[in-house]
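Quick caveat, the model's predicted, so the values are computed rather than measured. Counting convention: from 1, in listed order, for ligands and their atoms alike.
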Amino acid sequence: MHSKEQISHDEYQKTSDWLMSHTKHRPIVAIICGSGLGMLADTLKCQDSFDYSDIPGFPQSTVQGHAGRLVFGELKGKSCVCMQGRFHMYEGHSLLKTTFPIRVFKLMGVETLIVTNAAGSLADGLRPGDIMIIKDHINFPGLVGLNPLCGPNDEKFGPRFPAMSGCYDKGLRSLVMELAKQMGVSSLVQEGVYAMVGGPNFETIAEAKLLHRLGVDAVGMSTAPEVVVATHCGLRVFGLSLITNKVVKSYEDSESVNHEGVLEVGRLRSQTVQQLVTELISRMEINNNENTNNVS
Ligand SMILES: O=P(O)(O)O[C@@H]1C[C@H](O)[C@@H](CO)O1
């Protein structure tokens, strides 16, 4: 268990201060790129980018398809920060480390978090290449106590017992459905429930059948801890899964999933995902204007 590890408020603050003193951007939106989706950062204008290895306190990415770079820039007049590479529990990071950037973003003034991931589909109506707007999640590690919020609660970030109903913002979900219609890609986009499993192995057939019976639409190995920490500290969250494969759930099926295939679907659908996220950022309302358009 991870209950002994603690990261003090000061440590988050030091990383935030370091970043704020190395860039003039003051982001209001943070984006986490899933496997094969690092190109989301390419759309940012006037970029300042930092390798994770150069940022004090930051963990390191070890997974192919996760570059390990934090990119600041502007998108449609809004200041953003983008993680090209996230941290997964299966890499050996504690859950506090996997979610470290979220609290740093909060301290930097970020209001909205956009999480993306690659996921396998269990729902028959979700095909590889489809985009699932995350309506809700099942955090399997969290259900058995592997939760970044375990341990002493830091009230400066949020309450001991945060509510998680409604953690994927309804207004942003409707907006993206509407944008998908306007872009002519609504046949690719639908809402669904994401489940996080620990990984790094993909699911057995019996596990896949179980997830399917539980009503899971797509399964992956990330995102839920990030969303828990973001919700705890009051960030508005939007999430999407790029469906990269069908999860094998029949003993008759000879197909199997692999990480290269996951990355390949990311590359094939990159433009559509990029356009949806760009339009979302362009059209989303923000609460606090102080952080916008302030790159001198
Ligand atoms: O970072 P995400 O959740 O997009 O990565 C998924 C889950 C595993 O890390 C990897 C499997 O191919 O892709």
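Aromatic ring pairs are classed by plane angle as parallel below 30°, tilted from 30° to 60° and perpendicular above 60°; the pair Phe72 and His25 is parallel.
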Just distance, no hydrogens or angles: give the donor-acceptor pairs under 3.5 Å from side chains in residues 217-228, sequence neighbours left out.
{"unit_1": "Asp217", "atom_1": "OD2", "unit_2": "Val193", "atom_2": "N", "d": "2.7"}
{"unit_1": "Ser222", "atom_1": "OG", "unit_2": "Arg86", "atom_2": "NH1", "d": "3.3"}
{"unit_1": "Thr223", "atom_1": "OG1", "unit_2": "Arg86", "atom_2": "NH2", "d": "3.4"}
{"unit_1": "Thr223", "atom_1": "OG1", "unit_2": "Asn117", "atom_2": "ND2", "d": "2.9"}
{"unit_1": "Glu226", "atom_1": "OE1", "unit_2": "Arg86", "atom_2": "NE", "d": "3.4"}
{"unit_1": "Glu226", "atom_1": "OE1", "unit_2": "Arg86", "atom_2": "NH2", "d": "3.0"}
{"unit_1": "Glu226", "atom_1": "OE2", "unit_2": "Arg86", "atom_2": "NE", "d": "2.7"}

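Residue pairs meeting the ring-ring contact (aromatic ring centres under 6.0 Å, His included) criterion with at least one partner in residues 122-158, sequence neighbours excluded, are His9-Phe157, Tyr12-Phe157, His137-Tyr168. Residue pairs meeting the side chain to side chain donor-acceptor pair (under 3.5 Å) criterion with at least one partner in residues 180-190, sequence neighbours excluded, are Glu178-Gln182, Gln182-Arg283.
For Glu11 and Lys14, the salt-bridge test fails: no basic side-chain N is under 4.0 Å from an acidic carboxylate O. A salt bridge links Asp124 and Lys249; the closest N-O separation between the charged side-chain nitrogens and carboxylate oxygens is under 4.0 Å.
Enumerated by chain and number, the residues approaching ligand 1 to less than 4.0 Å through a heavy atom are Gly34, Ser35, His66, Arg86, His88, Tyr90, Asn117, Ala118, Phe202, Met221, Ser222, His259, Val262.
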